[in-house]
Amino acid sequence: MNPFLLPVIAAQGLYVRYSTEVLPPAGGPTTGTCPDAGTSEASGTEGPQAGGQPVRIAVLGESTAAGCGVDSHDDGFAGRFARELSERSGRPVEWSVRGRHGATLRRIRYRLLPGVGSGLRVAVLLAGVNDVLARRSPRDWGQDLEAVAGELAERAEQVVVTGVPPFGEFPSLPGTLRRYLAARAAELDEVSQRVCAGVAGVTWISSTDVLPMGPEFFARDRFHPSAYGYGEWARIVAGKVAM
């Protein structure tokens, strides 16, 4: 990055920080079963036990795991991901989510990861945005990711680490800042690919190449996903999971 652009980046960063609406995390339960057991009689369909023992999954991470941008986790990544897996496998899915707005991977590692259960079929890590914004070094990111991925691999048969969301597509960000953050995110993604390749059972999925982002993808803050955006993201990740 041209050093003469740093004052522009700093000014644009301050503008975005003070002009962007802060959306709260999703409300409601942070655990659930898909399909909902309570809907079987009303709809005439079989309840979740009809498909056998439920598959257990967990979602861990930053504000996208916390569901910022939607009212309920049913419409956030965790709920939509569980729905996708249930529809694809024909089995009920029990989901849980642990997310925190503003959490870096270091905070996820020490504050949120200890609360994730074991005996999981799938665990998904959504992280990186706050590490980019906090200008954490690729070295520190890699050390934390290796620890988190390794521990998740002991608790789940499959672990999915998503790439840093593509800052280059965020409509809330001015152009120079967008390019700067996208470049920093690419550095972390490069480390992530290397770390995940070295941990058995862990898969890294690029966000930059696979997420089709239009205006409808974003919530009203133009930074976090909308219900539609979470649904698209969950659909793509679910397509990479073997059930």
Side-chain angles (χ1 to χ4, degrees), residues 1 13 17 25 30 56-68 76-78 81 95-168 170 177 180-211 223-225 230 233-234 236-237 240-241:
M1 175 63 66
R17 176 176 295 181
T30 57
R56 297 181 62 239
I57 69 169
V59 176
L60 173 71
E62 55 190 8
S63 57
T64 47
C68 293
F77 183 91
F81 184 60
W95 59 268
S96 65
V97 58
R98 290 183 61 80
R100 184 71 58 85
H101 183 276
T104 62
L105 189 54
R106 177 63 56 89
R107 182 166 187 153
I108 293 168
R109 175 182 177 182
Y110 290 108
R111 298 291 184 88
L112 302 181
L113 179 59
V116 175
S118 58
L120 302 169
R121 182 66 175 270
V122 183
V124 180
L125 175 66
L126 309 178
V129 168
N130 294 300
D131 293 82
V132 170
L133 297 178
R135 296 192 296 179
R136 296 196 68 220
S137 71
R139 178 176 178 273
D140 290 343
W141 164 265
Q143 289 177 343
D144 286 333
L145 180 59
E146 186 173 11
V148 173
E151 189 161 342
L152 286 176
E154 294 178 357
R155 305 183 188 199
E157 295 178 24
Q158 299 179 69
V159 177
V160 176
V161 176
T162 65
V164 182
F167 282 100
F170 284 21
L177 177 63
Y180 170 74
L181 295 177
R184 290 193 58 85
E187 293 179 347
L188 299 192
D189 276 345
E190 184 177 349
V191 174
S192 297
Q193 292 181 69
R194 185 169 62 251
V195 169
C196 292
V199 183
V202 178
T203 301
W204 179 82
I205 298 177
S206 169
S207 295
T208 303
D209 297 333
V210 300
L211 283 182
F223 191 87
H224 290 96
Y230 279 121
W233 196 7
I236 291 168
V237 174
K240 306 290 186 178
V241 173

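Keep in mind that this is a model prediction, so the values were computed, not measured. Computation of the quantities below employed the complete heavy-atom set of this structure, encompassing side-chain atoms and omitting hydrogens, waters and symmetry-equivalent molecules.
To the nearest 0.5 angstrom, Asp144 atom CG is 10.5 Å from Arg139 atom CZ. Distance CD1/Ile108 to CZ/Arg100: 10.0 Å, rounded to 0.5 Å. With values rounded to the nearest 0.5 angstrom, Glu157 atom CD is found 5.0 Å from Arg121 atom CZ. Atom SG of residue Cys196 and atom CD of residue Glu146 lie 10.0 Å apart, to the nearest 0.5 angstrom.
In this structure the side chain of Leu60 reaches within 4.5 angstrom of the side chain of Leu152, judged on heavy atoms. Looking at Arg98 and Val116, their side chains come closer than 4.5 Å, going by heavy atoms from C-beta outward. Two residues are said to be in side-chain contact when any heavy atoms from C-beta on lie closer than 4.5 Å; Thr203 and Lys240 fail this criterion. Within the 4.5 Å cutoff, the side chain of Trp204 has heavy atoms near those of the Asp189 side chain.
Closest approach of Ala78 to Val97, counting heavy atoms only: CB-CB, 3.9 Å. Residue Ala149 comes nearest to Val202 through the heavy atom pair O-CG2, 4.0 Å, listed as atom of the first residue, atom of the second, then distance. Counting all heavy atoms, side chain and backbone alike, Gly142 lies closest to Val195 at O-CG2, 4.1 Å. Taking both residues in full, the closest heavy atoms of Ser207 and Gly163 are given as OG-O, 2.7 Å, listed atom of the first, atom of the second, then distance. In plain terms, the two heavy atoms of Pro165 and Phe170 that are nearest each other are CB-CZ, 3.9 Å. Nearest heavy-atom pair, Ser63 versus His224, reported as atom, atom and distance to 0.1 Å: OG-NE2, 2.8 Å.
Side-chain contact check for Thr104 and Trp141: no donor-acceptor pair (N or O, by modelled atom type) lies under 3.5 Å.
Aromatic ring centres of Phe81 and Trp95: separated by at least 6.0 Å.
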Can I get a per-line list of side-chain donor-acceptor pairs under 3.5 Å for residues 123-135, giving both atom names and the distance, sequence neighbours left out?
residue, atom, partner, partner atom, Å
Asn130, ND2, Glu62, OE1, 3.1
Asn130, ND2, Ala103, O, 3.0
Asp131, OD1, Leu105, N, 3.0
Asp131, OD2, Leu105, N, 3.3
Asp131, OD2, Arg136, NH1, 2.9

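For CD of Glu151, the number of neighbouring non-hydrogen atoms (other residues, nucleotides, ligands) closer than 6.0 Å is greater than 12.
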